[in-house]
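Every heavy atom of this structure was used, including side-chain atoms; hydrogens, water molecules and symmetry mates were not. Keep in mind that what you see is a predicted model, and the values were worked out from it rather than measured.
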Amino acid sequence: ILAASGLSVGQNLFLVDLAQVAAQVETLPWVRKVYLERRPPDRLRLQVEERRRLAWIQLEGLYGIDEDGVLLPADKVEGETRAELDLPLLTGFEGIAGNRSPGDRVATPALLQALAWWRQARQEDAEFCLNISEIQPLAGGSVRLLLVGDGLEVRVPVDRVGERLSVLKDMMQRIYREFPEPAYLDLRFAGQAVVGGKAAQQHAEKGGAHGAG
């Protein structure tokens, strides 16, 4: 931070351009916002608001990503716990390909929508969210979730997050008991949940591949 600020011992406190110093420090990937305050006769107080990983994202490489859609380094930071690194992977988001570096903002509407959904989902039910391993975009204001374990796919609208999670948890208690080898659970239809089996999904995928050929 000191190196990025350009400050050095002996500078005249009243000649320091606070806006310039803040802008220089905010170029660091982990820095979200800088607050500067002169404290005469000889002190400058600098306070940093840090960025936090909200999820992982797979582009040409693996990056962390914060709630603003800013890429963060993938390397573990000193002091980070395993729980802080246990985050879902975002995949399938278009419009952000190419050479990217930590600090780049890749905030497409679909990506911001998914990040906002994930942030609220963790606030509503952090324990259940530990079951989500991957998040992908779907058309029409929805996301596709892949759950840990057998990779069950869940399709869910991004609105009414707490209510949708409650319905999902209720369904999870029944789905494996009532449906052999479920492949997906679709909650996008008002008043109903659609469950698809693995055999039917594999048949549909083979048919689609055959038709495409």
Problem - Check: R38 side chain, L18 main-chain N or O, donor-acceptor pair, under 3.5 Å - result: no
Would a hydrophobic clustering, with Ile, Leu, Val, Met, Phe, Trp and Tyr connected at side-chain separations under 4.5 Å, put [X] with [Y]?
X	Y	answer
L146	I135	no
V70	I96	no
L152	L187	yes
V48	L72	no

Handout entry: Over 12 non-hydrogen atoms of neighbours within 6.0 angstrom of CD1 in I1
Key = no
Is the closest side-chain heavy-atom distance between [X] and [Y] below 4.5 Å?
X	Y	answer
V34	V21	no
V106	F93	no
M172	L147	yes
L85	W56	yes
I65	L111	yes
L89	L62	yes
L44	L13	yes
V143	L138	no

Nearest-0.5 Å distance that lies between atom [atom1] in [X] and atom [atom2] in [Y]:
X	Y	atom1	atom2	value
R105	D68	CZ	CG	6.0 Å
D86	C129	CG	SG	11.5 Å
L145	L168	CG	CG	7.5 Å
K76	T81	NZ	OG1	8.0 Å
Y63	D104	OH	CG	7.5 Å
S166	F128	OG	CZ	10.5 Å

Problem - Under 3.5 Å side-chain donor-acceptor pair for Q24 and S5 - result: no
Handout entry: Distance-only side-chain donor-acceptor flag, T108 / E94, under 3.5 Å
Key = no
Handout entry: Pair E153 + R144: basic N to acidic O under 4.0 Å
Key = yes
Handout entry: Check ion pair E124-R164 (N to O, under 4.0 angstrom)
Key = no
Practice task
Take L36 and V25 through the test side-chain contact (heavy atoms from CB on, under 4.5 Å) and record every step on the way to the result.
Solution key: CA-CA 11 Å; L36 284 167; V25 176; over 6 Å; no
Practice task
Take Y35 and R45, measure what side-chain contact (heavy atoms from CB on, under 4.5 Å) needs, and give me the verdict at the end.
Solution key: CA-CA 8 Å; Y35 304 92; R45 183 173 184 268; over 6 Å; no
Holding to salt bridge (Lys or Arg N to Asp or Glu O under 4.0 Å), I want the full list of residues that pass it with [X], two or more places apart in sequence or in another chain.
X	result
D66	R51
R39	E37
E178	R174
K33	none

Problem - All side-chain contact (heavy atoms from CB on, under 4.5 Å) counterparts of N12, not counting sequence neighbours - result: F14, L15
Problem - Check against side-chain contact (heavy atoms from CB on, under 4.5 Å), R122 and L54 - result: CA-CA 10 Å; R122 293 178 74 188; L54 185 61; 3.5 Å; yes
Problem - Evaluation steps, side-chain contact (heavy atoms from CB on, under 4.5 Å), between W118 and L90 - result: CA-CA 10 Å; W118 172 241; L90 304 178; 6.0 Å; no
Problem - side chain to side chain donor-acceptor pair (under 3.5 Å): pairs with one or both residues in residues 186-197, sequence neighbours excluded - result: D186-R188
